[in-house]
Asks: 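Take this structure first; my questions come after.
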Amino acid sequence: MSFDPGLKPGDVIDNKQLTGIFKCGTQMGMRKSNETNTLVLVSNHTKSLYEDGWRGDKFHYTGMGTLGDQSLTFMQNKTLSESKTNGVDVFLFEVHKKGHYTFVGKVDLAGDPYQEKQADAHGSIRNVWMFPLIVRGKNQQVPVPMESLVKEQVRREKIARGLSDKELQKRAMLAQGKPKARVATTTAFQRNPDVAMWAKRRANGYCQLCGGLAPFNDKDGDPYLECHHIIWLSKDGPDKIENTVALCPNCHRKMHVVNAPDEVRALTKIARQRG
């Protein structure tokens, strides 16, 4: 009889609950339980070495083994590779926020395992086994907050920044070409158009950070500037003229990347001026 964990896609549990439900270990990404005859796969995007991810409607999961070439007959790699015939139920979880295990669903192998090259724990390039998985039933991704994906991207960029030129080039040459893609949720703020337009009118065609002329005119012939909220709306900043300025695209991006305190203070002073 198939094991029923009593979870539905999108349910979030912690590690203690996961191990209690499946009677499996508390560590590792591939957790076999003899008591429930299950294999739990955890794809931890907050810290994982592996290049797991969605490619179309399939989740490609990296096998077990952190150093050197992986073996298809090693421990749970063997269990997963034989899951079509060994009677073991396989379940997938994703972690996009530390300690939060999001249930994706019960999964099946969607094709034969295949090999690709990834870096191991020491940064050496090696062969790993990839397992294409498809979710049973309504096969679709569980949406995750855009903020989580941004944090994951920042983490990966930080790792890349710390590599030598030689290491970075070697890893970049392994890129699969087709990016991973997934469904994300985000909050869209309905900004007050009067506040935004006044910020641009008040700037009179000049960026209020660098002082440069707007880089081009829009289709209506108006100088192109972008409305910027000094305290971001995503951080509960008010949509009021005292919190808005007009910036050129370059400076606008700079404020969302660097957001230097001295420039924040300067823009705040400008925004609070009347007239």
Asks: For Asp262, look at atom CG and say whether over 12 heavy atoms of other residues, nucleotides or ligands are found less than 6.0 Å away.
Replies: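 More than 12 within 6.0 Å, yes.
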Asks: Does atom NZ of Lys84 have more than 12 heavy-atom neighbours, drawn from other residues, nucleotides or ligands, at distances under 6.0 Å?
Replies: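 Yes.
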Asks: Can you tell me if Asp218 has over 12 outside heavy atoms packed within less than 6.0 Å of its CG?
Replies: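 Yes, because the 6.0 Å sphere around CG of Asp218 holds more than 12 heavy atoms from other groups.
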Asks: Name the one of Tyr101, Phe3, Phe103 that satisfies ring-ring contact (aromatic ring centres under 6.0 Å, His included) with Phe22?
Replies: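 Exactly one pass, corresponding to Phe3.
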Asks: Regarding Gln118 and Glu116, do their side chains bring together a donor and an acceptor under 3.5 Å, going by distance alone?
Replies: yes
Asks: Are His229 and Asp239 linked by a side-chain donor-acceptor pair shorter than 3.5 Å?
Replies: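 Result is yes, a qualifying pair exists.
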Asks: Ring centroids only, cut at 6.0 angstrom: are His96 and His100 within range, meaning strictly under it?
Replies: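 No - the distance between ring centres of His96 and His100 does not fall below the 6.0 Å cut-off.
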Asks: Compute the ring centroids of Trp232 and His256, then answer whether they are less than 6.0 Å apart.
Replies: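 Ring-ring flag for Trp232/His256: true, centres closer than 6.0 Å.
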Asks: Which heavy atom of Met30 sits nearest a heavy atom of Leu80, and at what distance?
Replies: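 The pair with the smallest heavy-atom distance is CE-CD2, 3.9 Å.
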Asks: Around Gln27, counting heavy atoms of other residues, nucleotides and ligands shown, do more than 12 lie under 6.0 Å from its CD?
Replies: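 12 or below, so no.
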Asks: Return the minimal non-hydrogen interatomic distance between Cys210 and Cys251, and the atom names on each side.
Replies: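 The pair with the smallest heavy-atom distance is CB-SG, 3.6 Å.
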Asks: Are more than 12 heavy atoms from other residues, nucleotides or ligands located less than 6.0 Å from atom NZ of Lys32?
Replies: yes
Asks: Looking only at non-hydrogen atoms, find the nearest pair between Pro249 and Glu226 and report the distance.
Replies: CA-OE1, 3.8 Å
Asks: Hey, any chance Leu39 and Phe91 share a hydrophobic cluster, counting ILVMFWY side chains that come within less than 4.5 Å of each other, even indirectly?
Replies: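 Shared cluster, no.
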Asks: Ring centres under 6.0 Å, that's the criterion: do Tyr50 and His45 meet it?
Replies: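 No, the ring centres sit 6.0 Å or more apart.
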Asks: Heavy atoms only: give me the nearest Asp52-Ser43 pair and the separation to one decimal.
Replies: OD2-OG, 3.0 Å
Asks: Do Lys200 and Asp222 make a side-chain contact, defined as non-hydrogen atoms from C-beta onward lying under 4.5 Å apart?
Replies: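 Result no, sub-4.5 Å side-chain heavy-atom pair not found.
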Asks: With clusters defined by side-chain heavy atoms of hydrophobic residues (ILVMFWY) lying less than 4.5 Å apart, directly or transitively, does Val12 cluster with Leu41?
Replies: no
